[in-house]
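These notes concern the structure reproduced below.
Just follow the structure's listing: the first ligand is 1, and inside any ligand the first atom is 1. Quick caveat, the model's predicted, so the values are computed rather than measured.
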Amino acid sequence: MRKARIARILTGDEVGARFTVEGWVRTKRESKGGFSFIEVNDGSCLRNLQVVAEKGLPYYQEEVLKLQTGSSVRISGTVAASPAKGQQVELRAESVEVLGRSDPDAYPLQKKRHSFEFLRTIAHLRPRTNTFGAVARVRNALSFAVHKFFQERGFIYVHTPIITGSDCEGAGAMFRVTSLDLDSVPLAEGRVDFSRDFFGGPANLTVSGQLEAEVYALALRDVYTFGPTFRAENSNTPRHLAEFWMVEPEMAFCALDGNVELATDFLKYLFSYVLYYCREDMDFFRRFIDPSCVERLENIIAAEFERLTYTDAVRILSESKESFEFPVEWGVDIQSEHERYLCERVFQRPVVLTDYPKVIKPFYMKVNRDGRTVRAMDVLVPKIGEIIGGSQREDDYDTLLERMNESGINPDAYWWYLELRKFGSAPHSGFGLGFERLVQFVSGMSNIRDVIPFPRTPGNVSF
Ligand code: ATP
Ligand code: MN
């Protein structure tokens, strides 16, 4: 018999067809009339398939009656219109085969709702819950939409390296990569001798693919990278991971305005995509996770993003009567409480903040004519704060060199990055979108640890 994913059967277009399905039992109950109702889920969609198994089936006693929540099954049968309320179709079983049993007393997933904290301790089983199934499907759809958006616009997907020789990419603390025996590290003049390490010098996990993406942008114009990035910052917040995925477009012959425009179009595209293709999962998030998540996306799709400079934002914040935990003052980085205040209270829509003081931004951002601010842009959204960070890049050789020296960065280590400003330099811009922040924003999930399959955070690398 033909195999089908449950999502296909539940479209309702297959009544009368015979199929084999495979999946995991969510629940089972016996009816007085001498048959069993088995709810099966295979992850292809949120809903379960109801299977009706009559007691006349082969092995009914041995197999069906002993089926437990969590068992894996292979069931063949005919799709029929369902007399039950709330579902269009069901599967009338002709054979039920148990592939893997599951002891119901030991199985950690019970019918009641479990806390997300508890589910993190069973990351190997949590994808079998409604919430984590929905997160996985939405994450998948968003990844695909990221590629679709850029491919439709002619961007080239570039694979930037995960291991990097630079020890500062301007975006946060790094993890060291080494194959040295840490119990007997080779020393030279009292310090670790990295010349005897695998790469012949110190190496780290990347915090961003930007610098390498710039190389390709200055050859192929519009490129993007989408891959894992790592930050060793000890941020125990619901918005930070030590390992997260980042989407980083980079465009040559593009100034800050074009960058803002791309970021805006990109977010609207992703939100429209997920509302259209993940309707059932989004409806689940609306009902069980965050009642306003769908409406919020719809509003953003329709909204003009507010654009203002950092300087104006600081003025608005310091004139506000709100008491913030962190005081605001020109030259100090604004915190997520300020970002949220601007989006949620002042403008009630996403805000693009530009032209930050250079002292709080990395060396590669283009310095404005005022000499004090850089062409940075952060896209802020309600609930999350910063979801995108980007800038026009410094394309002038001398200014870049000066900024490196000012920021305590060794120009020798970045000779190739500097050289791009010597041979055919061009205005170019790009940004980074934290992929998990995106999934969080879309789903309304409050902790970033619950939107990545296996979260890595300070003190936690299980699974
Ligand atoms: P934040 O101030 O929130 O720590 P950042 O300024 O360090 O962010 P960028 O270096 O601009 O962030 O990185 C680009 C994007 O990557 C951010 O806008 C955010 O969406 C995401 N991001 C940054 N750090 C993390 C992290 N530790 N975990 C998950 N996503 C992150
Ligand atoms: Mn950070």
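- Residue contacts with ligand 1 for His240 involve both N, CA, C or O and side-chain atoms from C-beta outward (heavy atoms, distance under 4.0 Å).
- With a 4.0 Å heavy-atom cut-off, ligand 1 is reached by the backbone of Arg239 and by its side chain too.
- Here the shortest heavy-atom distance to atom 20 (O) of ligand 1, taken over Thr237, Leu380, Ile384, Ile387, belongs to Ile387.
- Ligand 1 places these atoms under 4.0 Å from at least one heavy atom of Ile388: 18 (O).
- In terms of modelled atom types and a separation under 3.5 Å, the side chain of Asn41 and the main chain of Leu46 share a donor-acceptor contact.
- If you number the atoms of ligand 1 from 1 as listed, the ones under 4.0 Å from a heavy atom of Gly434 come out as 15 (C), 16 (O), 20 (O), 21 (C).
- Checked against the 6.0 Å centroid threshold, Phe226 and His147 count as a close aromatic pair.
- Of all atoms in ligand 1, numbered sequentially from 1 with element shown, those under 4.0 Å from a heavy atom of Ile448 are 29 (C).
- Scanning for ring pair (Phe, Tyr, Trp, His ring centres under 6.0 Å) contacts around Phe288 gives Phe284, with sequence neighbours left out.
- Of the candidates Phe244, Phe435, Phe230, the one placing a heavy atom closest to atom 30 (N) of ligand 1 is Phe244.
- Tyr216 and Glu250 share no side-chain donor-acceptor pair at under 3.5 Å.
- The stretch residues 257-269 participates, sequence neighbours left out, in these salt bridge (Lys or Arg N to Asp or Glu O under 4.0 Å) pairs: Asp257-Arg307.
- The closest non-hydrogen atom to atom 11 (O) of ligand 1, taken over Glu243, Arg437, Glu386, comes from Glu386.
- Those atoms of ligand 1 that come under 4.0 Å of a heavy atom in Glu233, given as number and element, are 27 (N).
- The option from Gly432, Ala242, Ser208 that lies nearest to atom 15 (C) of ligand 1, judged by heavy atoms, is Gly432.
- For Leu241, a nitrogen or oxygen atom sits less than 3.5 Å from a nitrogen or oxygen atom of ligand 1, counting backbone and side chain alike.
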CA sep, side-chain torsions, deciding dist, call: Glu322, Val346, side-chain contact (heavy atoms from CB on, under 4.5 Å)
CA-CA 11 Å; Glu322 193 78 5; Val346 183; over 6 Å; no
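- The salt bridge (Lys or Arg N to Asp or Glu O under 4.0 Å) test with Asp42 is passed by exactly one of Arg128, Arg26, Arg5: Arg5.
- Taking the six-membered ring for Trp, Phe149 and Phe155 have ring centres at least 6.0 Å apart.
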